[in-house]
Amino acid sequence: MAKNLLIVESPAKAKTIEGYLGKDFTVKSSYGHIRDLVKSEDAIDIANGFTQKYEVPADKKQVVNELKKLAKEADIIWLASDEDREGEAISWHLFETLGLKDANTRRIVFHEITKPAILKAIESPRKIDYNLVNAQQARRVLDRLVGFELSPVLWKKIKPSLSAGRVQSVAVRLIVEREREINKFKPEAAYRVVAVFTTGKNREVFKAELPTRFVQQSDAEKFLNDCADAIFNISSLETKPSKRAPAAPFTTSTLQQEASRKLGFSVSRTMSLAQRLYESGKITYMRTDSVNLSDTALDAAAKEINSAFGEKYYQFRKYKTKSAGAQEAHEAIRPTYFNHHTTDGDSAEVRLYELIWKRSIASQMSEALFEKTTAKISISTRKDELVANGEVLRFDGFLKVYLESSDEEEENKNDHNSENAILPPLTKGQQLNLRDLNATERFTRPPARNTEASLVKKLEELGIGRPSTYAPTISTIQNRGYVVKEDREGKTRNYHVLTLINKKVVKEQKSEITGAEKAKLFPTDIGVVVNDFLVQHFNGIVDYHFTAGVEKKFDEIAQGLEDWTKMLHKFYEPFHQEVEETIKTADKARGERDLGIDPKSDKKVSVRIGRYGPFVQIGEAVEGEEKPAYASLRAGQMIETITLEEALELFKLPKKIGVFEDKEMTVAIGKFGPYIRHNSMFYSLPKGVDPLDVDEKAGIEIIENKRQADADKLIKSFKEDPEMRIENGRWGPYIKSGKLNVKIPKGKEAAELTYEDCKVLADAAEKEPKKPAKKFAKKK
DNA sequence: CAGTGAGCGAGCTTCCGCTTGACTT
C-alpha cells in the first residue's frame, strides 16, 4: 500500500510523475478546480467580509470522492498543484474539501516535470500560502460580482440573457472600436515610382524605388517625363552587415498566433490539437505564459542542434517574459524529446508538432547573418535619387529551421514589394540602363481587422485573461452573438498606372479588389449596443487598464501588503452604486438611429434592434393609423453604417413578379442569396443577376431551367410515391425521399433499386439519430 | 431561404479560471 498521495492538476502530469516516484507514491489528479461558488445569489455574503459559499459541481463529485478515500488511507498527502494564484487556491480547496490535517499535509511546487525537479520539491515542502489564496479569492469574488451584477443590468436595459464580464466585455470593445476605426478611415492615394534597371554583360535585372511618393498625378507624370532622357548612375553604394535573432519558444498566446498565421488554425483548434500532443506525451503543457526552458530541455536542445546541424549553429539563450501578468507556473511549450523532429498522428497534429519543434530548436540556435546593400541612383535631370535595397544571407543560423511570421507580413503580401531582393554586382559611378519605369497609384490602408489570434495577442498585452481562457473567451463572445467570424467580399477599386514607353508617358486605369476579408472578427449590432452601453455607464470596468489595476492589487494581497476584503470593499461600493444608479436612470438601449426621410412617403426612416434582430422602419406606430413598414437588415449590414438608400432598397423585396401555372412568383433574398419562391419551392437566382431586374418572363425561365436541371439529374422515379426518386448528385447517385437524402450502400446499382429497396433504406435513415445542431449545445 | 416589431408576467439567463471528456466529421 502506498504511503503517500500526491495530487496534481492534470492527469497526464500525474501519469508521468508516478513513473518517477515509484510505488511508495500514488499520484492522482484533481482535474483543475474541484469547487466553485454556488450559482445562486447568496454565493457571496458581502456584509460579512465577502464570505463565500462553495460547492463541488456534479461532474467533480466522483473525483473528490476518490481523492477523499485515498487521502484517508495515506500517511502523507502532497499537494502539488501549480505555483500560482489559482494553483495555490486549488491546494487550499483540496485541503478543505478532503478534510486534510496540517500535520500530514505538505504543499510542494515545481516548474518542470523532471525527476530531479520533483525529488527536490519533495525535499523542501512548505505550508499553504494563505496570502496567495486570498489573492485568488479576491479575483474570484470580483469576477463574480462584476459578471453577476452587470449582466442583469443588460437584461433590463437591452435584452435578456446577455452577458458582461471583466474579460469578455473588453474583448468585445476591442473589436467594436477597431471596426469604427476602419469605418472612419479615408484612404489616401499617392504614386509610387518603381524603376527596373539592367546592368552588366548578362543584362541582369534589379528594381529601385523612389523613396518619396507623389500625391498629384501631374507630379508623377512630370517625374516620368523628366526621366525619359536622363542618365542614371550609381551615386553611392553601401554594404552593411546585419543580423537576426530567433524568437522565444512558444507560450499559449504565441502558439495560437503562429498556428493561425502559418497553418490557418482557429485558436480552439490549436488548443485541442496541442492537448492531444500533450496527452500522448509529445509536448510539454500547452497552457503557459512562460518562455523558460528547463535545464534538461536546454541540454537536450544543445545536443540535438550540435548533432543535427553542427556546433556553429548552437547558441545558448535565455528569454525573459514580456507580458506583464505572467505567472510562469510552467515551462514554455516545447517537444518532450528534441530528437523527434516530427511525429505520427493526423496531419494537423503533425504540422502543429513540427511548428513547436522548429520554434523550440530555433530558440537555441545562432543568429542569422546578412549583408544589406543600399544602392542610390542619381538621375541626371532631377535632384531625386532612386534607391535599391538588396539583402544577401551570409549565414543562415536559426533560419535553417524556422522563420517567425508577423501580422504585418500578412498585410503586405499583396503589395508586390521589391524589398530585400538580391542585387547583381554593382560599382559606384556605374551607368545603368533603364528598362521600365512606372508610377502606380497606391492607397494607405486602414488598420487591420482582428483575427482570433490577433485579438488574443492584444488581450495578453493588456494583461487580460489567462492562457487557459483565451480560447474560451474568443468562443464566448461569438456564442453570445457580440462578434462574428466571417469572410467578406471586397470591393473593386480603380487605380492609375503611368508607364514610360518609348519616352512617352502612357496612362492606364486598372482595378483591384480591396477590403476582402477571410475569417476576421466583426462586431454585430447587439455587440455594438452592449459595448456602447457599458462604455457609457461602466467605463471603469471596460477600461483597457482596469484588469492591470486590479492585478496590481491582487499582487499586493499575495505579498501580504493589502487586506483582500478591504480591497474588495473599495472596489465594490462605488461599483454597486453605479449599478443601482444605472438601473434607476438609464434609458433602454436599442441602438436606434434615424436615417432621414423617405422621399416617397415623407415619413421618418429609422433602424434599431428588435426582438428578431436589427430592422428598418418607415413611419411611426400611431394608434388608429396604418402600421409602419418593416424590413430586416441583411448579412453584412449594420445599424451604424447603413445608409438611407440602402435601407430603402430593402423594401423593394420581396416583390411579386407575376403568375406562372396559376401560382404567384415572389423574388426575395434569403440566407443563401436571392431566390424565387413559387408554389412553396425555392429557386436560387443565377449568380450575378440583380433580383430587382427579374420580371415575370425571366422568373419563368429560371424556374424552367431549374426543372430541366433536376430532370437531367433524375435517374429513376416511382409511381408508388412521387416524393421518392433517385438522383445524380455531385458525389454520385443518391435516394431522395421527401426532404431526406439517403446514401446508396456500396455494391448496389442505383438504376436497379426498386421502390421497396428505397423505402427500406429511407426508413432506416430516418430512424438514425440526428446529429446535434451545435457542437457544444446548451447545458441543461 | 416567412415576416415579424403590443404588453404582461413567471421563470430563466450571467462571471473567470483550472481541468478533461464525449460528441461529431
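Every heavy atom of this structure was used, including side-chain atoms; hydrogens, water molecules and symmetry mates were not. All values reported here derive from a predicted model rather than from experimental measurement. Reminder, nothing fancy here: chain letters follow the sequence lines and each chain counts from 1.
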Asker: Any side-chain donor paired with an acceptor under 3.5 Å for A/E328 and A/T321?
Answerer: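 A/T321 and A/E328 do not have a side-chain donor-acceptor pair below 3.5 Å.
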
Asker: Quick check for you: among B/dG17, B/dT20, B/dG5, whose closest atom lies nearest to any side-chain atom of A/Y31?
Answerer: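 Minimum distance to the A/Y31 side chain belongs to B/dT20.
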
Asker: Look at atom NZ of A/K282 and say whether more than 12 heavy atoms of other residues, nucleotides or ligands are closer to it than 6.0 Å.
Answerer: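 It does: A/K282 NZ has more than 12 such atoms within range.
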
Asker: Round to the nearest Å and state the distance from A/Q52 atom CD to B/dG17 atom P.
Answerer: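 Taking CD of A/Q52 and P of B/dG17, I get 16 Å after rounding.
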
Asker: Expressed as a whole number of angstroms, how long is the span from A/Y278:OH to B/dC18:P?
Answerer: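 So the two atoms are 14 Å apart, to the nearest Å.
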
Asker: Nearest to the side chain of A/R287, which nucleotide is it out of B/dT20, B/dC15, B/dT4?
Answerer: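 Of all the options, the side chain of A/R287 is nearest to B/dT20.
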
Asker: Between A/Q168 and A/T476, is there a side-chain donor-acceptor contact under 3.5 Å, judged purely by atom types and distance?
Answerer: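 Their side chains do not contain a donor-acceptor pair, so the 3.5 Å distance test is not met.
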
Asker: Show me the side-chain donor-acceptor pairs of residues 628-637 of chain A shorter than 3.5 Å, one per line, residues at least two apart or across chains.
Answerer:
{"unit_1": "A/Q637", "atom_1": "OE1", "unit_2": "A/R634", "atom_2": "N", "d": "2.9"}

Asker: Can you tell which of B/dT14, B/dT4, B/dC16 lies closest to the side chain of A/Y612?
Answerer: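 Out of B/dT14, B/dT4, B/dC16, the nucleotide with an atom closest to A/Y612's side chain is B/dT4.
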
Asker: Would you mind reading off the distance between A/E149 atom CD and B/dT14 atom P, rounded to a whole angstrom?
Answerer: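 Distance, rounded to whole Å: 17 Å.
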
Asker: Any stems for DNA chain B, made of 3 or more Watson-Crick or G-U pairs in a row, each with both distances under 3.5 Å?
Answerer: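 The stems: there are none.
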
Asker: Could you check whether A/R144 makes a cation-pi contact with A/F148, meaning its NZ or CZ is under 6.0 Å from the centre of the six-membered ring and within 45° of the ring axis?
Answerer: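 Yes; both conditions hold, so A/R144 lies above the ring face of A/F148.
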
Asker: Heavy atoms only, 4.0 Å cut-off, all strands: where does A/P11 land among base, sugar-phosphate and nothing?
Answerer: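 Sugar-phosphate contact only - A/P11 comes under 4.0 Å of backbone atoms but never of a base.
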
Asker: What's the CZ-C1' distance between A/R35 and B/dT19, to the nearest Å?
Answerer: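 Distance, rounded to whole Å: 17 Å.
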
Asker: Which label fits A/Y54 and A/H93: parallel for a plane angle under 30°, tilted from 30 to 60°, or perpendicular past 60°?
Answerer: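 Rings of A/Y54 and A/H93: perpendicular, as their planes differ by over 60°.
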
Asker: Side chain of A/Q275 only, please: which of B/dT4, B/dT14, B/dT20 is the nearest?
Answerer: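 Of B/dT4, B/dT14, B/dT20, B/dT20 is nearest to the side chain of A/Q275.
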
Asker: Using only atom types and a distance under 3.5 Å, with no angle test, would you say the side chain of A/T473 pairs donor to acceptor with the backbone of A/T469?
Answerer: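 Present.
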
Asker: Select base, sugar-phosphate, or nothing to describe what A/A164 touches, counting heavy atoms under 4.0 Å on all strands.
Answerer: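 Since only primed, P, OP1 and OP2 atoms lie under 4.0 Å of A/A164, the category is sugar-phosphate.
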
Asker: On the nucleotide B/dC16, are OP1 or OP2 found under 4.0 Å from the side-chain N or O atoms that A/Q168 carries?
Answerer: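 Affirmative; the distance criterion is met.
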
Asker: Among B/dG17, B/dG5, B/dC15, find the nucleotide with the atom closest to the side chain of A/S163.
Answerer: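 The answer is B/dC15, which lies nearest to the side chain.
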
Asker: Could you tell me whether A/R166 sits above the aromatic face of A/F546, with NZ or CZ closer than 6.0 angstrom to the six-membered ring centre and within 45 degrees of the axis?
Answerer: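 Not flagged: A/R166 not positioned over aromatic ring of A/F546.
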
Asker: Kindly confirm whether the side-chain ring of A/W155 is stacked on the base of B/dT13, judged by centres under 5.5 Å and planes under 30°.
Answerer: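 A stacking contact exists, since A/W155 sits close and nearly parallel to the base ring of B/dT13.
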
Asker: Using a heavy-atom cut-off of under 4.0 Å over every strand shown, decide if A/E279 touches base, sugar-phosphate, or nothing.
Answerer: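 Sugar-phosphate, backbone atoms only, no base.
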
Asker: Of A/R140, A/R287, A/R139, A/R466, which is the lone residue that meets salt bridge (Lys or Arg N to Asp or Glu O under 4.0 Å) with A/E86?
Answerer: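 Exactly one option meets the salt bridge (Lys or Arg N to Asp or Glu O under 4.0 Å) with A/E86, and it is A/R139.
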
Asker: With the side chain of A/Y285 defined as its heavy atoms from C-beta on, choose the nearest nucleotide among B/dG17, B/dT14, B/dT20.
Answerer: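 Among the listed nucleotides, the one closest to the side chain of A/Y285 is B/dT20.
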
Asker: If you look at every strand shown and take non-hydrogen atoms under 4.0 Å, does A/D36 touch a base, only sugar-phosphate, or nothing?
Answerer: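 Touches a base.
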
Asker: Looking at B/dT13, B/dT19, B/dG17, which one has an atom nearest to any side-chain atom of A/P160?
Answerer: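 Nearest to the side-chain atoms of A/P160, counting from C-beta on, is B/dT13.
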
Asker: With a non-hydrogen cut-off below 4.0 angstrom, is A/G87 in contact with a base, only sugar-phosphate, or nothing?
Answerer: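 No contact at all - A/G87 keeps every heavy atom at 4.0 Å or more from the nucleic acid.
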
Asker: OP1, OP2 of B/dC18 versus side-chain N and O of A/S468: anything below 4.0 Å?
Answerer: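 True: A/S468 side-chain N/O within range (under 4.0 Å) of B/dC18 OP1/OP2.
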
Asker: Taking any heavy-atom pair under 4.0 Å as a contact, classify A/P152: base, sugar-phosphate, or nothing.
Answerer: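 Base contact.
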
Asker: Each nucleotide N or O in nucleotides 6-8 of chain B that has a protein N or O under 3.5 Å away: list the pair and distance.
Answerer:
none

Asker: Just how far, in rounded Å, is C1' of B/dT14 from NZ of A/K39?
Answerer: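 It is 9 Å, rounded to the nearest whole Å.
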
Asker: Mind checking if A/R85 touches a base, just sugar-phosphate, or nothing, with heavy atoms under 4.0 Å?
Answerer: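 Result for A/R85 = nothing.
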
Asker: Applying ring pair (Phe, Tyr, Trp, His ring centres under 6.0 Å), name anything that partners A/H569, two or more places apart in sequence or on another chain.
Answerer: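 Ring pair (Phe, Tyr, Trp, His ring centres under 6.0 Å) check on A/H569 returns A/F50.
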
Asker: Describe the nucleic acid contact of A/V146 in one word from base, sugar-phosphate, nothing, applying a heavy-atom distance below 4.0 Å.
Answerer: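 Counting heavy atoms under 4.0 Å across all strands, no contact is made by A/V146.
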
Asker: May A/F148 be described as stacking on the base of B/dC15, applying a 5.5 Å centroid limit and a 30° limit on plane angle?
Answerer: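 One would not call A/F148 stacked on the B/dC15 base.
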
Asker: Looking at the side chain of A/R466, which of B/dG17, B/dC1, B/dT13 is the nearest nucleotide?
Answerer: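 Closest nucleotide to the A/R466 side chain: B/dG17.
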
Asker: From the list B/dC16, B/dT20, B/dC18, which nucleotide is the closest neighbour of the side chain of A/R139?
Answerer: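 Of all the options, the side chain of A/R139 is nearest to B/dC16.
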
Asker: Calculate the interatomic distance between A/K28 atom NZ and B/dT20 atom P; express it in whole Å.
Answerer: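 Result: 15 Å.
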
Asker: So does A/K60 get a side-chain nitrogen or oxygen closer than 4.0 Å to the phosphate oxygens (OP1/OP2) of B/dT19?
Answerer: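 No, A/K60 has no side-chain N/O under 4.0 Å of OP1/OP2 on B/dT19.
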
Asker: Ignoring backbone atoms, test whether A/T469 places a side-chain nitrogen or oxygen under 4.0 Å from the OP1 or OP2 oxygen of B/dC16.
Answerer: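 For A/T469, the contact criterion (side-chain N or O under 4.0 Å from OP1 or OP2 of B/dC16) is not met.
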
Asker: A/N479 has an atom CG; how far is it from atom P of B/dT14, in whole Å?
Answerer: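 Atom CG in A/N479 sits about 11 Å away from atom P in B/dT14.
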
Asker: Using side-chain heavy atoms (C-beta onward) and a distance below 4.5 Å, is A/V27 in contact with A/W78?
Answerer: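 The answer is no, as the side chains (C-beta and beyond) never meet within the 4.5 Å cut-off.
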
Asker: Over all strands shown, is A/S632 touching base, sugar-phosphate only, or nothing at heavy-atom distances under 4.0 angstrom?
Answerer: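 Base contact.
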
Asker: Taking ring pair (Phe, Tyr, Trp, His ring centres under 6.0 Å) as the definition, give me every residue that meets it alongside A/F575, ordered by chain and number, with sequence neighbours left out.
Answerer: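 Result, ring pair (Phe, Tyr, Trp, His ring centres under 6.0 Å) vs A/F575: A/F571.
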
Asker: Could you state the CG-P distance from A/L132 to B/dC18, rounded to the nearest angstrom?
Answerer: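 In whole Å, B/dC18 P and A/L132 CG are 12 Å from each other.
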
Asker: Please compare A/S161 and A/H33 by the position of their nearest nucleotide in DNA chain B and report the one closer to 5'.
Answerer: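 Nearest-nucleotide comparison on DNA chain B picks A/S161.
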
Asker: Any side-chain N or O of A/R480 below 4.0 angstrom from OP1/OP2 of B/dC15?
Answerer: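 Checking A/R480 against B/dC15: at least one side-chain N or O falls below 4.0 Å of OP1 or OP2.
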
Asker: Using a 3.5 Å cut-off and no angle test, enumerate the donor-acceptor pairs between side-chain atoms of residues 603-617 of chain A and protein atoms at least two apart in sequence or in another chain.
Answerer:
{"unit_1": "A/R608", "atom_1": "NH1", "unit_2": "A/Q617", "atom_2": "OE1", "d": "3.1"}
{"unit_1": "A/Q617", "atom_1": "NE2", "unit_2": "A/G619", "atom_2": "O", "d": "3.0"}

Asker: Hey, does A/G165 reach any base, or is it just sugar-phosphate, or nothing, if we go heavy atoms under 4.0 Å?
Answerer: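 Sugar-phosphate contact only - A/G165 comes under 4.0 Å of backbone atoms but never of a base.
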
